[in-house]
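Residue numbers start from 1 in every chain, and the chains themselves are labelled A, B, ... in the order their sequence lines are given, proteins ahead of strands.
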2 protein chains.
Amino acid sequence: MPNFGSCNVFLRATFGIDPGAEIGRQLGELATQVHVIRGQEVKTDPADTTLVFLASGATKLGALASRERHQIVAFHFGGDIFTVPAVSVHRYMLIGLCESTLTTFPAREFYDRAASNPWIMRALLERSQTALFRCRDKAVNLGQKSAGERVAGFLLAMWERLDASEGSSPMIDLPMSRGDIGESLGLKIETVSRQFTKLREAGIIDTHGRSGVSLLDLPRLAEQAGYYDRNTVPPRPEWVERKPELVP
Amino acid sequence: MPNFGSCNVFLRATFGIDPGAEIGRQLGELATQVHVIRGQEVKTDPADTTLVFLASGATKLGALASRERHQIVAFHFGGDIFTVPAVSVHRYMLIGLCESTLTTFPAREFYDRAASNPWIMRALLERSQTALFRCRDKAVNLGQKSAGERVAGFLLAMWERLDASEGSSPMIDLPMSRGDIGESLGLKIETVSRQFTKLREAGIIDTHGRSGVSLLDLPRLAEQAGYYDRNTVPPRPEWVERKPELVP
DNA sequence: CGGGATGTTGACGGTCTTCAAAAGCGGTGG
DNA sequence: CCACCGCTTTTGAAGACCGTCAACATCCCG
């Protein structure tokens, strides 16, 4: 039985599809409406990729490296479109950070039906690449950066994605716990906490309760994150210090 | 001036396009043929994403976290299609592991021209997702696994991708140096070397020269990689030990 | 066969984790 | 409105793992 809930909102907002159109009906047939509360898992097909539209709320996409070792590979917020992979070497799971409503589709069938619509495929491709680029940046952070750099970088990334109010000192309201942050950054909760304390003592941030964070000094925060310079174009010349080796 | 080299091979092999077709001509106009030797960088547009088809050889896609800190986010081999991101918080660069020939396209324009062809878009989307899933697995490894687990997992992944000869004990010929492996796994070269030594002393692998590795005991190697069990379906039940929290 | 790059091994030190306990927040009920 | 209680967060001390520095061995190419 077709499920026309936030699915229609999704199709219209993301792809510009009139829900009354034939393609809208065909895709709507694949939709499953899901509502989760904080901490609850969204069940996805372990045998095939699931396409997810997060209508409202926030979720974390995590993987099990082994029992007791979780890695969060991405946070998602209202309006996001993403995929939950089938089980391979790691098992992924999608969990609500707060009360959230979402629409899920079996990815393969969705693609089959959407293939004839250039706009949809283009939108899916670009969002997939955005996710890939974010994931690559995460890999760089996990592989090369210290705990302090990771936490600072995390705060900057969240500030950009949560689009804080344009006050004098940007303030963000983190929907995830310190534990979630740790699992996202490959750090233990105690280490995350210590880094928050360091940034607070340095006057770079301030914290309010469990979730409120004021970014008092963005340039210094970017510096702590280990970026060259976030606001100017990165260095262009001389990238070939890794010897080009003798020409044939 | 259109460049019809391995581009035609690419279009035919990947998308089933007859190079004589109009779409083939239009895409061919965007192609740039590149030939690199070991250690040489493939120049890509810092301002826009580049789509790359690797006709033959092998490359590494690396990012600069800062000067002197590189992270390799992916290795690619002949036949692979992938993208090199524009410069954002990190600068990416594509470097040959050995003599390689490839074709590059400006991604945006390629997508514009290919949008009307469902097959191409579908193929691009699925390859993008493959890259995303690999990258997520890498993030899990970097964030949660020990040096020993990372090296063992790396060898298994390379064995699968390089498709070793079907001998009694699989043997692979690594095209990348220990340094490259370290940069891929977020470890220093000395640590990688020590882990190789451990695996060799345990009788799990054997090494021949710089690049040859025999995988003498695959099950034990998978065990060292920290996987539950690579050959059976991962555990299905009881995944919600993270309390679903009180129902409203 | 020789030289330089690549890889290996050892000792030591720093960063993050582990283990343990105290403090703070936030929701519930009086 | 305030006191209580559970859970999250913070803080501290000790230990493990990986990184750093340095020396040596090996491989591969000319």
Expressed in angstrom and rounded to an integer, what is the separation of B/Leu142 atom CG from D/dC17 atom C1'? 16 Å

Check this for me: does the side-chain of B/Gln195 come within 3.5 Å of the base of D/dC18 through a donor and an acceptor? no

Rounded off to whole Å, could you give me the CD1-to-C1' distance for the A/Ile181 and D/dT8 pair? 12 Å

If I take atom NE2 in residue A/His208 and atom P in nucleotide C/dG26, what distance separates them, rounded to the nearest angstrom? 12 Å

Salt bridge between B/Glu160 and B/Arg134, side-chain N to carboxylate O under 4.0 Å? no

Between the base of C/dG10 and the side chain of B/Arg194, is there a donor-acceptor distance below 3.5 Å? yes

Take the protein atom CG of A/Leu174 and the nucleotide atom P of D/dT8, then report the distance between them rounded to whole Å. 16 Å

Note: A/Asp173-A/Arg210 ion pair, threshold 4.0 Å (strictly below): no

Looking for any heavy atom pair under 4.0 Å, which part of the strands does A/Arg210 touch: base, sugar-phosphate only, or nothing? base

Answer yes when B/Glu183 and B/Lys188 have at least one side-chain N-carboxylate O distance shorter than 4.0 Å, and no when they do not. no

Between A/Arg69 (CZ) and D/dC17 (C1'), how many Å, whole number? 14 Å

Taking only the side-chain nitrogens and oxygens of A/Ser193, find out if one of them lies under 4.0 Å from OP1 or OP2 of D/dT11. no

Taking any heavy-atom pair under 4.0 Å as a contact, classify B/Gly186: base, sugar-phosphate, or nothing. sugar-phosphate

Inter-residue atom distance A/Gln224.CD - A/Leu155.CG, 0.5 Å rounding: 11.0 Å

Sugar-phosphate only, base, or nothing, as touched by A/Ser177 at under 4.0 Å among non-hydrogen atoms: sugar-phosphate

Let me know the distance between CG of B/Asp206 and P of C/dT8, rounded to the nearest Å. 12 Å

Separation of atom CG in B/Leu187 from atom P in C/dG7, rounded to whole Å: 15 Å

Would you call B/Arg91 and B/Glu41 a salt bridge, taking side-chain N to carboxylate O under 4.0 Å as the test? yes

Counting just side-chain N and O atoms, does A/Arg200 come under 4.0 Å of either OP1 or OP2 of D/dT10? yes

When all nucleic acid strands are considered with a 4.0 Å heavy-atom cut-off, which category describes A/Thr191: base, sugar-phosphate, or nothing? base

Counting heavy atoms from C-beta on, name the nucleotide in C/dT17, C/dT18, C/dT8 closest to the side chain of B/Arg178. C/dT8

Find out whether the Lys NZ or Arg CZ of A/Arg127 is both under 6.0 angstrom from the six-membered ring centre of A/Phe82 and within 45° of the ring's axis. no

Residues touching DNA chain D, which here means a heavy atom under 4.0 Å, drawn from residues 144-152 of chain B: B/Ser146, B/Ala147

Among D/dA22, C/dG7, C/dA20, the one nearest A/Glu190 by side-chain distance: C/dA20

Can a side-chain donor-acceptor contact be found between B/Thr50 and B/Asp45 if the only test is distance below 3.5 angstrom? no

Side chains of B/Thr83 and B/Thr49: do they bring a donor and an acceptor to under 3.5 Å? no

Atom CZ of A/Arg38 to atom P of D/dC7: distance rounded to whole Å? 12 Å

